[in-house]
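Quick caveat: nothing in here was measured; it's all calculated off a predicted structure. These values consider heavy atoms only, across backbone and side chains, with no hydrogens, waters or symmetry-generated copies.
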Amino acid sequence: MTFADPVPTMAPHSLLVFLLQIAFLLLLAFVLGRLAERFRMPAVVGELCAGMLLGPSVLQHVLPAFSRWLLPQQPEQMHLLDATGQLGVLLLVGVTGAELNFGLVRKRGVTAARVSIAGLVLPLGLGIATGFALSGVLMPAGVDAKVFAFFLGVAMCVTAIPVIAKTLLDMKLLHRDIGQLILSAGVVDDIVGWFLLSVVSAMATAGLTAGVVATSVLHPVGVVLFALLIGRPLVGAALRRAARSEGSAATITTVVVLVVFGAAATQAMKLEAIFGAFVCGVLVGTSKDLDREKLEPLKTCVLAFLAPLFFATAGLRMDLTALRHPEILAAACAVLAVAVIGKFSGAFLGARLSRLNRWEALALGAGMNCRGVVEVVVAMTGLRLGVLNTDSYTIIVLVAIVTSLMTPPVLRLAMARAEDRAEAELALKDDDSGRSASPNSEVTS
């Protein structure tokens, strides 16, 4: 009886390079993330900059020999980083899904729906139109222009709940009415955004025909129905079983296994793995059997280690030197303008239709304009599928950075004006009530 030779283990030099890649990326991501927070910017901006510094934008030009040693252009070496980053983003999306507050959506249902729908449809349409207009400049060879345009549209319409929530918390707006409304509209955006990403990813891998479009829409719907009817009781049973164990290890392992299995299931269906991770995260978060305290160590590990590593890895793929070409720079400005105008206008219109004043509507537009985490995930997905090249990928990640930087100052300005207006209206009402009460007091006296 003969057995196949065992698979060779990783070469010692490859392991050394991988360990140093992890160490450098994580160290820079931590330092620049804390520095960004010190300047009241989202940490994700600093974490993306860590990858940019070590990637072709900076290190390759400053220390080319060291860059070639640390980041060799060998697929098998870079695939190690990619695999680590993919695990990080799947768990990040799963944790994000578990943290979504659907009670907010029910409480603010009609207004949140108006803001979210307008804030999705307008930038989606503008993004698709921009994708067609710029396909000759930004689209990789061999990609269907319709797929590229739809992908850019999805990238333009997403919103980043984690960055918004952190910004609102820092500004002490998380529990205010406007903060709750921003979050509830963002929850709807998140759900629709992951659904659209899964659909357009299926189109990118299987081609763009009527059958593929129908299948790529029906499969995610089937996944959601399966999750609600069969997945929910299974997840509940697994969490109940895990809760019987002392400590948090059983609950954490159960949640990780569920999220990864969910990601594998949608990946096998030629949907995006992130969609399955998100759906499983939502099932975990909405289960009455979840002990949230036991999930805290997993959140800490994901947010402190895996997520920064993913964003730093995402920054490695950027090449800012592409912006020295006038046509790429012009395309970047156009995409950024479309992203900002589309999201602001859509959310503003939805807020005004809900009879909010213009400063409250501007605050909603500022909050919904924040792309951050989700846009980076969309960009990485597009690059992996071949829908984006380095130039278009760099531009989309830049949009994520710029819109994340825009959110805090615009939100502060809008909220300050909204509060001034509210105080003025309250003072006017008090004055009017005082005048109307004065004659009555004279009569009674």
Can you list every salt bridge (Lys or Arg N to Asp or Glu O under 4.0 Å) pair that touches residues 196-205, not counting sequence neighbours? none
Give the C-alpha distance, both sets of side-chain angles, the deciding distance and a yes or no for side-chain contact (heavy atoms from CB on, under 4.5 Å) between Phe148 and Leu388. CA-CA 8 Å; Phe148 174 77; Leu388 304 178; 4.0 Å; yes
From CD (Gln60) to CG (Leu53), nearest 0.5 Å: 13.5 Å
Give me the atom names and distance for the closest heavy-atom approach of Gly276 to Thr266. N-OG1, 3.2 Å
Using a 4.5 Å cut-off on heavy atoms from C-beta on, say whether the side chain of Met156 contacts that of Val335. yes
Is Lys294 close to Ile252 at the side-chain level, that is, under 4.5 Å between some pair of heavy atoms? no
Heavy-atom check, side chain of Val402 versus side chain of Val340, under 4.5 Å: no
Does Tyr393 reach the side chain of Asp319, with side-chain heavy atoms less than 4.5 Å apart? no
Quick check against the 3.5 Å criterion: does Ser287 have a side-chain atom that pairs as donor or acceptor with the backbone of Leu283? no
Verdict with reasoning, Leu385 to Ser201, per side-chain contact (heavy atoms from CB on, under 4.5 Å): CA-CA 8 Å; Leu385 293 174; Ser201 297; 3.6 Å; yes
Neighbour count >12 (heavy atoms, 6.0 Å) for atom CZ, Phe24: no
What is the minimum heavy-atom distance between Leu26 and Ala304, and which atoms define it? CD1-O, 4.2 Å
Using the test side chain to side chain donor-acceptor pair (under 3.5 Å), find all partners of Asp189 that sit at least two apart in sequence or belong to another chain. Ser116, Thr159, Lys343
Distance-minimising heavy-atom pair for Val115 and Ala185: CG1-CB, 4.0 Å
Decide yes or no for Leu196 and Cys157: does some side-chain heavy atom of the first lie under 4.5 Å from some side-chain heavy atom of the second? yes
More than 12 heavy atoms of other residues, nucleotides or ligands under 6.0 Å from CZ of Phe195: is that the case? yes
Whether the side chain of Arg34 engages the backbone of Ala29 through a donor-acceptor N/O pair (distance < 3.5 Å, no angle test) should be reported. no
Under 3.5 Å, sequence neighbours excluded: what are the donor-acceptor pairs made by side chains of residues 80-89?
residue, atom, partner, partner atom, Å
Asp82, OD1, Arg317, NH2, 2.5
Asp82, OD2, Arg317, NH2, 2.7
Thr84, OG1, Leu80, O, 2.9

Leu295 vs Asp291, test: side-chain contact (heavy atoms from CB on, under 4.5 Å). Steps then yes/no. CA-CA 7 Å; Leu295 206 58; Asp291 186 342; over 6 Å; no
Minimum side-chain heavy-atom gap Met406-Asn369 below 4.5 Å: yes
Please give me the minimum heavy-atom distance between Gly342 and Leu126, naming the atom from each residue. CA-CD1, 3.7 Å
When rounded to the nearest 0.5 angstrom, what distance separates CG in Leu320 from CG in Leu398? 5.5 Å
Between the main-chain N or O of Leu138 and the side-chain N or O of Asn389, is there a donor-acceptor pair closer than 3.5 Å? yes
If you measure from CG on Leu90 to CZ on Phe310, what distance do you get to the nearest 0.5 Å? 9.0 Å
For Leu92, does its backbone N or O pair with a side-chain atom of Thr96 as donor and acceptor, under 3.5 Å? yes
If you take all heavy atoms of Ala331 and Val137, which pair is closest and at what distance? CB-CG1, 4.4 Å
Thr407 side chain vs Thr403 backbone, donor-acceptor pair below 3.5 Å: yes
Apply side-chain contact (heavy atoms from CB on, under 4.5 Å) to Arg358 and Phe348, showing your working. CA-CA 8 Å; Arg358 67 177 183 275; Phe348 187 90; 4.1 Å; yes
side-chain contact (heavy atoms from CB on, under 4.5 Å) involving Ala363 - partner list, sequence neighbours excluded: Ile178, Leu411, Ala414, Met415
Indicate yes or no for a side-chain donor-acceptor contact from Arg352 to the backbone of Leu356 under 3.5 Å, with no hydrogens or angles considered. yes
Closest heavy-atom pair and its distance - Val387, Pro140: O-CD, 3.1 Å
Measuring from atom CG of Leu298 to atom OG of Ser248, what distance do you get when rounded to the nearest 0.5 angstrom? 9.0 Å
Euclidean distance, Leu54 CG relative to Leu27 CG, rounded to 0.5 Å: 9.5 Å
With the side chain counted from C-beta on, respond yes when Phe344 and Val410 share a heavy-atom pair under 4.5 Å apart, and no when they do not. yes
By salt bridge (charged side-chain N to carboxylate O under 4.0 Å, His left out), Lys299 pairs with (sequence neighbours left out) Glu99, Glu296
Are any of the side-chain heavy atoms of Phe151 and Val378 separated by less than 4.5 Å? yes
Measuring from atom OG of Ser392 to atom CG of Leu152, what distance do you get when rounded to the nearest 0.5 angstrom? 8.5 Å
With sequence neighbours left out, which residue pairs that include part of residues 375-392 fulfil the salt bridge (Lys or Arg N to Asp or Glu O under 4.0 Å) condition? Glu272-Arg384, Arg371-Glu375
Please check if the side chain of Ser57 supplies one atom and the backbone of Met318 the other of a donor-acceptor pair under 3.5 Å. yes
